[in-house]
Amino acid sequence: MEFAFEQHRIIGGIGADDEYWRGLEQNAFKLPRCSGCRRWTWPAHFRCGVCGSWNFEWTALDPVGVVYAWTRTWYAFERVKERAADVPYVTVLAEIPSADGARVLGVLRGSEEGLRIGALVRGVILPPSEKSKGYPSIQWELIHTDSHTVAHA
Amino acid sequence: MSTIRGKTAIVGIGQTPYYKRGTSADPELKLCLRAIVDACDDAGLHPSEIDGFISYASERNDAQKLMPALGTREVRFAALTWIHGGGIPGALSIAASAITAGQASVVAVYRSMAETSGQRLRINVAQNDTAAQYLVNGLESPVQILAPRAQRLIEADGVSPDTFRAMAQACYYHARSNPRAYGRNTVLDDEAYAHARMIAEPYRLFDCSRENDGACAVIVVAADRAKNLKQKPAYILSAPMGGLQGSGALEENINPYSTAGQGGVARRMWAESGYGPRDVDVLQVYQNMTGMGVGALIDHGFCTPENANEIIRFENLIAPHGGLPCNTSGGDLAEGFIHGMGLVAEAVRQLRGESTNQVPNAKLSLMTGGPGDTLTSTALFGTAETL
């Protein structure tokens, strides 16, 4: 299968996360788990630094996380100018408890009410778009509960 | 354990003026030559004697381009320290190691930037190596990437944003008496700080380092040679580079997250030098952003997240009478920003007694490298009596 993001490939960083983007393009939130020691390895890499395995199982997860940190961008920076019209926008770093606390970036979607470290978020997967530079993306949405319950990061 | 303690010294400093970004009439290479030649004049050495060339990050003015114009007799050692602003003391460490190992005798450590010769600094320094995880999610600039760490320092670690303001105001206060400082005419009172435009929360404009065109160079030689040159030597007591497990290119999965990633290099620096935070007379703290300066002070043991609000106060950060005089030239925020290299020159001036905000009788001078970088470094310089 051909994936759209591969036509807009961003070269930079470790670059072992193709399966992450492929997963999102197929509407699945997948993170890599070492086949040897079963640890979650994030960001994705080519070798497990703990047990030495070269094999990873990309495992689909329920995209539920906890806000670990966030920022609201007020300036249209050059290399992400596709989002200029959205300024100010919030980017959330969400900790994924079911993947041993792996932290995954995503733009905040919907209401900002209750945005704080420790707030619960749910991921919404979006198809490749210009704003996400031809890549699929996950956006984080705050989970509003009646009791305003929050977890602690 | 490193064995470079006191074996080399900075004997010359050279700096071009700080130009508004994109306005330098000279290209990077010429600025670089000017800074290196000035540093040689300052040291009393002939530029042709330089046999080692070391820079860091995305520097493009390499030995092979410089040597024809310097009259270099022989290049014996040339290296580029990996990473970004985190590499500055690391570059000094490479210089000291090369000299100690007999691979070079007169080493220039330098950085030159002119947006007229290239791109916006924040793009240039990223070296086209930003992970898709950032760019896809609207993050590209250092300020955006460091902002969530600052948010966590405030929200989860309980450090007051007043410490950020104090770090910024100390820079602008010191800049006022420094004729080189690009930001010397800015009066950063509480109102000006609070009403500056927001860039990436929690960072406003005055939390961010500047972008300038310019160049800065220092000359490093062996300690025995340093004694006989023009200037009072600034001995390199320690300049470790690196990162502990949990740091590196981890795309926001670093641990610890909210400070500067300098706990490991600071520990090695104190161990090698034999000194501790209480012994330091004056600090030049690399600040890409103010929160990272606060993080550097925490990582180096000058304070903890718990008492940062009491220690990082404006009065305490001001020369000559503050307990923790910080960024006495104005630093990256208010003096100017050649990728942090100006901090090395100021750390040396303090030991010579030549700063425009001199700390009386300064003997131990600290310079911290780019905080929050994927690897980083830190350096302690001392006068002869600290050896």
Side-chain angles (χ1 to χ4, degrees), chain A residues 5 8-15 17-18 20-21 24 41-45 49 67-83 86-93 95 101-107 116-118 128-129 131-140 152-153, chain B residues 115 119-158 196-205 207-208 245-246 248-258 289 291 372 374:
Chain A
F5 82 91
H8 307 272
R9 191 175 280 284
I10 295 166
I11 306 293
I14 295 166
D17 53 2
D18 277 7
Y20 175 76
W21 306 114
L24 290 185
T41 302
W42 189 251
H45 218 309
V67 175
Y68 187 80
W70 60 273
T71 185
R72 190 180 283 111
T73 295
W74 288 83
Y75 180 93
F77 285 96
E78 288 87 345
R79 292 187 295 155
V80 290
K81 61 181 181 308
E82 300 87 348
R83 292 189 190 270
D86 296 345
V87 169
Y89 58 88
V90 172
T91 305
V92 164
L93 181 63
E95 194 175 49
R103 300 174 205 148
V104 180
L105 287 165
V107 167
R116 47 158 288 187
I117 289 172
S129 73
K131 281 183 183 179
S132 48
K133 302 185 89 70
Y135 275 55
S137 63
I138 192 158
Q139 293 195 336
W140 298 112
H152 291 281
Chain B
E115 293 185 7
Q119 304 160 290
R120 284 298 292 262
L121 176 141
R122 57 176 175 254
I123 296 175
N124 180 325
V125 300
Q127 300 171 43
N128 204 16
D129 192 21
T130 305
Q133 297 285 347
Y134 293 112
L135 297 174
V136 166
N137 294 302
L139 302 181
E140 67 111 327
S141 175
V143 63
Q144 292 179 288
I145 291 171
L146 297 175
R149 304 185 201 181
Q151 188 60 35
R152 191 161 172 98
L153 189 66
I154 294 168
E155 239 190 279
D157 301 342
R197 63 192 170 93
M198 193 63 88
I199 307 294
E201 285 181 52
Y203 288 137
R204 293 178 179 274
L205 184 66
D207 290 299
C208 306
Q245 191 167 47
L250 285 174
E251 297 170 14
E252 301 318 293
N253 284 264
I254 49 170
N255 285 307
Y257 177 77
S258 51
M289 311 300 149
T374 45

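Chain identifiers are assigned alphabetically (A, B, ...) following the order of the sequence lines, protein sequences preceding nucleic acid strands; residue numbering begins at 1 within each chain.
Of the candidates B/Q144, B/Q151, B/E201, A/R72 forms a side chain to side chain donor-acceptor pair (under 3.5 Å) with just one, namely B/E201.
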**Item:** Chi angles and distances behind the side chain to side chain contact (heavy atoms under 4.5 Å, CB included) call for A/L93, B/Y257
**Value:** CA-CA 12 Å; A/L93 181 63; B/Y257 177 77; 3.5 Å; yes

**Request:** List the steps, then state whether side chain to side chain contact (heavy atoms under 4.5 Å, CB included) holds for A/R103 with B/N255.
**Result:** CA-CA 11 Å; A/R103 300 174 205 148; B/N255 285 307; 2.6 Å; yes

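Taking chain B as the reference chain and counting heavy-atom pairs below 4.5 Å, the highest number among A/I138, A/T71, A/D17 is found for A/T71. Listed options B/A131, B/S258, B/G138 were ranked by heavy-atom pairs under 4.5 angstrom with chain A; first place goes to B/G138. Chain B forms the most heavy-atom pairs under 4.5 Å with one residue out of A/A102, A/G134, A/G106, and that residue is A/G106. Top candidate by heavy-atom pairs under 4.5 Å with chain A, chosen from B/P202, B/P148, B/A249, is B/P148.
Inter-residue side-chain proximity for B/V136 and A/F5 is flagged as unmet; no heavy-atom pair is nearer than 4.5 Å. Between B/V143 and A/F77 there is a side-chain heavy-atom pair separated by less than 4.5 Å. Residues B/N137 and A/Y135 form no side-chain contact, since every pair of their non-hydrogen atoms from C-beta on lies 4.5 Å or further apart.
Of all heavy-atom pairs between B/E251 and A/G13, the closest is OE2-CA, 4.3 Å. Nearest heavy-atom pair across B/N253 and A/G101 is OD1-O, 4.5 Å.
For the atom pair CD1 of A/I14 and CG of B/D129, the computed distance is 10.0 Å after rounding to the nearest 0.5 Å. Here A/R79 contributes atom CZ and B/N128 contributes atom CG; the two are 7.5 Å apart, rounded to the nearest 0.5 Å. Rounding to the nearest 0.5 Å places CG of B/L135 at 14.5 Å from NE2 of A/H8. Between atom CD of residue B/E155 and atom CD1 of residue A/I117 there is a gap of 4.0 Å, rounded to the nearest 0.5 Å. For the atom pair OH of A/Y68 and CD of B/E252, the computed distance is 10.0 Å after rounding to the nearest 0.5 Å. To the nearest 0.5 Å, the span separating CD on A/E78 from OG on B/S141 amounts to 8.0 Å.
There is no contact between B/Y203 and chain A, counting heavy-atom distances below 4.5 Å. Heavy atoms closer than 4.5 Å to chain B are found in the backbone of A/K131, but not in its side chain. With a threshold of 4.5 angstrom between heavy atoms, A/P88 does not approach chain B through any atom at all.
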